[in-house]
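Order of the sequence lines fixes the chain letters, A, B, ..., with proteins taken first and strands second; residue numbering starts at 1 for each chain.
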2 protein chains.
Amino acid sequence: MKQGDGVDGTVGKAFDVLDQVAVAGRPVRFAELLEGSAYPKATLYRLLQTLTRQGMLALDPDLGTYAPGMRLVRLAHVAWAQSSLAPLARPMLDRLAVQTGETVHLAQLDQGQVLYVDKRHAARPVEMFSSAGKVGPAYCTGVGKAMLAHLPDAALEDALARQSFHRFTATTLDTPQALKAELRAIRANGHAYDREEHEAGIICIAAPILSQAGRVLGAVSVTTTTAHSDLAGLDRWAAPIKQTAAAIATAAEGWQFPQP
Amino acid sequence: MKQGDGVDGTVGKAFDVLDQVAVAGRPVRFAELLEGSAYPKATLYRLLQTLTRQGMLALDPDLGTYAPGMRLVRLAHVAWAQSSLAPLARPMLDRLAVQTGETVHLAQLDQGQVLYVDKRHAARPVEMFSSAGKVGPAYCTGVGKAMLAHLPDAALEDALARQSFHRFTATTLDTPQALKAELRAIRANGHAYDREEHEAGIICIAAPILSQAGRVLGAVSVTTTTAHSDLAGLDRWAAPIKQTAAAIATAAEGWQFPQP
DNA sequence: TTTCTGGTTTCATTATGTGGAACTTTGTTC
DNA sequence: GAACAAAGTTCCACATAATGAAACCAGAAA
């Protein structure tokens, strides 16, 4: 297992198990979880029972499989609505989506990964994986690289340490060295490209959302397919996307959660 | 407190606290939580610390306020994607939204409340967590009543016991008796109305999604404003909405999660 | 300074969770 | 349909991890 092993007592273990179920990507049986688990049979059993009773897991009574439960959806709604980026970025994303006519993403950096927190669909629906709550690699996506490029050194090293580089396509930058060179370039001209680095046929341009003080708050991207455009074509969105990012940054900056 | 008091040990307590933060509806300070909490100072403190370290809560370092954390959004994404209703209902909702040109909702019954799991709006195509994950009362919404109407007796009584009836508007049915009479009518003609019972100016028509065996899987609704239409006007969607519900039921019925 | 209020740490006590092993149920094989 | 295997559930002596009263600390207000 990668993290959190044994720390934070019983509660930590419970979340470990929850993650394990989520990470499976499909409903899983007890036995299957057991052989991926750090915990002994009885312990795992009791944890699953508790999580299920609490609504954090859903147990399919027929198949005996566990999946993340709907209570998480309730809680996530509140998390999203109270976060300091996604809710107030909505109008700006709307505008950018209309302006570009392409798919637009808003993402944050979370645990060294890209966490997509909002998206707008193009009129012309692009077939790809994405929506709020989805996570992706940081080192080979436009939003990911845009954010990494503006991280302080220590934070960058920490983020890099969490990556396990995988060569998704021929253009994937799969070494820290190659990535760091790219990050310098991104930092220099203020926006990042995804040159089919994560998925063949999918390209994008992305800009970081930076606070006044230079802290990375998130990133915005405009995505398209190679069938429909190319990198040079995406360049015409460089200015609008930066403007959008700036507008979101401004809105996020002095923002306070509205009182009732 | 309403539920889960003291059960399920430490993990249960942790989730209690998580709920308490979520239910506040805004970022809250330690002291504020303390005086709504069943737990003593030190215990609550440690629980908050653990939840924060785990990413389930986010602590604003400046204000010292807690809010639900982004890890929940990740998990909820998986929960949603693996649920047996929302993901496969998407194309049907799309169609209904286009057909009606109105706002369309998909909901489930969860803990006696209405849990919205998807939504379409004619103008604004896809907005994920802004509406998915939202909860509402069952006794005064179209989807809620549609589902309650088709619950087995025991389940209905259980659901009713969880309601605390509040008179939102002049038309709200705020007694079990009035509600039960309405449920009989709904059962008879297969669809439910919301006659501005939850919010003034908002009306809707809803149909339950029933499995072959008659089990309540969820509900679909078409919503509009009194400024724009009236109940009679909504009636023209009765047939399409029932057809949609049936289509979703069929899709959900023999559905298995796709293997990798 | 003193007095608050809000937040953090300590530590002896005990409740809580642990996990090996035994047991039961379910489903497969001959 | 008996015999076997695999998956799932319960037990219980034991150890760890959670408890919470009280003490402590920091900053704001008087």
(request) Assign each of A:Val11 and A:Tyr66 to its nearest nucleotide of DNA chain D by heavy atoms, then name whichever residue's nucleotide is nearer the 5' end. (result) A:Tyr66
(request) Please work out whether the ring planes of A:Phe168 and A:His198 are parallel, tilted or perpendicular, with thresholds of 30° and 60°. (result) perpendicular
(request) Kindly say whether, by distance alone, the side chain of A:Lys41 makes a donor-acceptor pair under 3.5 Å with the base of D:dG8? (result) yes
(request) Could you label the plane-to-plane angle of the B:Tyr116 and B:His105 rings as parallel, tilted or perpendicular, counting under 30° as parallel and over 60° as perpendicular? (result) tilted
(message) Any side-chain to backbone donor/acceptor pair from A:Gln163 onto A:Ala159? Under 3.5 Å, distance only.
(response) yes
(request) Please state how far atom CD in B:Gln49 lies from atom P in D:dA18, giving the value in whole angstrom units. (result) 12 Å
(request) Can you tell me the distance, in whole Å, between the CG atom of A:Leu48 and the C1' atom of D:dT10? (result) 16 Å
(message) Expressed as a whole number of angstroms, how long is the span from A:Asp60:CG to D:dA7:C1'?
(response) 16 Å
(message) Nearest to the B:Ala42 side chain among C:dG6, C:dT10, D:dA18, which nucleotide is it?
(response) C:dT10
(request) In whole angstrom, give the distance that lies between atom CG of A:Leu47 and atom P of C:dG17. (result) 9 Å
(request) Calculate the interatomic distance between A:Leu33 atom CG and D:dA7 atom C1'; express it in whole Å. (result) 13 Å
(message) Looking at B:Glu253 and B:Gln212, would you say the former's side chain and the latter's main chain have a donor-acceptor pair under 3.5 Å?
(response) yes
(message) Between B:Arg46 and D:dT19, is there a contact of a side-chain N or O with OP1 or OP2 at under 4.0 Å?
(response) yes
(message) Using whole Å, what does the distance between atom C1' of nucleotide C:dG17 and atom CG of A:Asp8 come to?
(response) 16 Å
(request) Using whole Å, report how far CG of B:Leu34 lies from P of C:dT5. (result) 14 Å
(request) Using only side-chain N and O atoms of B:Tyr39, determine if any of them is under 4.0 Å from OP1 or OP2 of D:dG20. (result) no
(request) May I ask you to evaluate whether B:Tyr45 reaches the phosphate of C:dG7, defined as a side-chain N or O under 4.0 Å from OP1 or OP2? (result) no
(message) Looking at A:Arg74 and B:Asp19, is there a salt bridge between them, counting it only when a charged N and a carboxylate O are closer than 4.0 Å?
(response) no
(message) If I take atom CG in residue B:Asp16 and atom P in nucleotide D:dA18, what distance separates them, rounded to the nearest angstrom?
(response) 16 Å
(request) Consider the side chain of B:Thr10, meaning its heavy atoms from C-beta on, and name the nucleotide among C:dG17, C:dT18, D:dT10 that approaches it most closely. (result) C:dG17
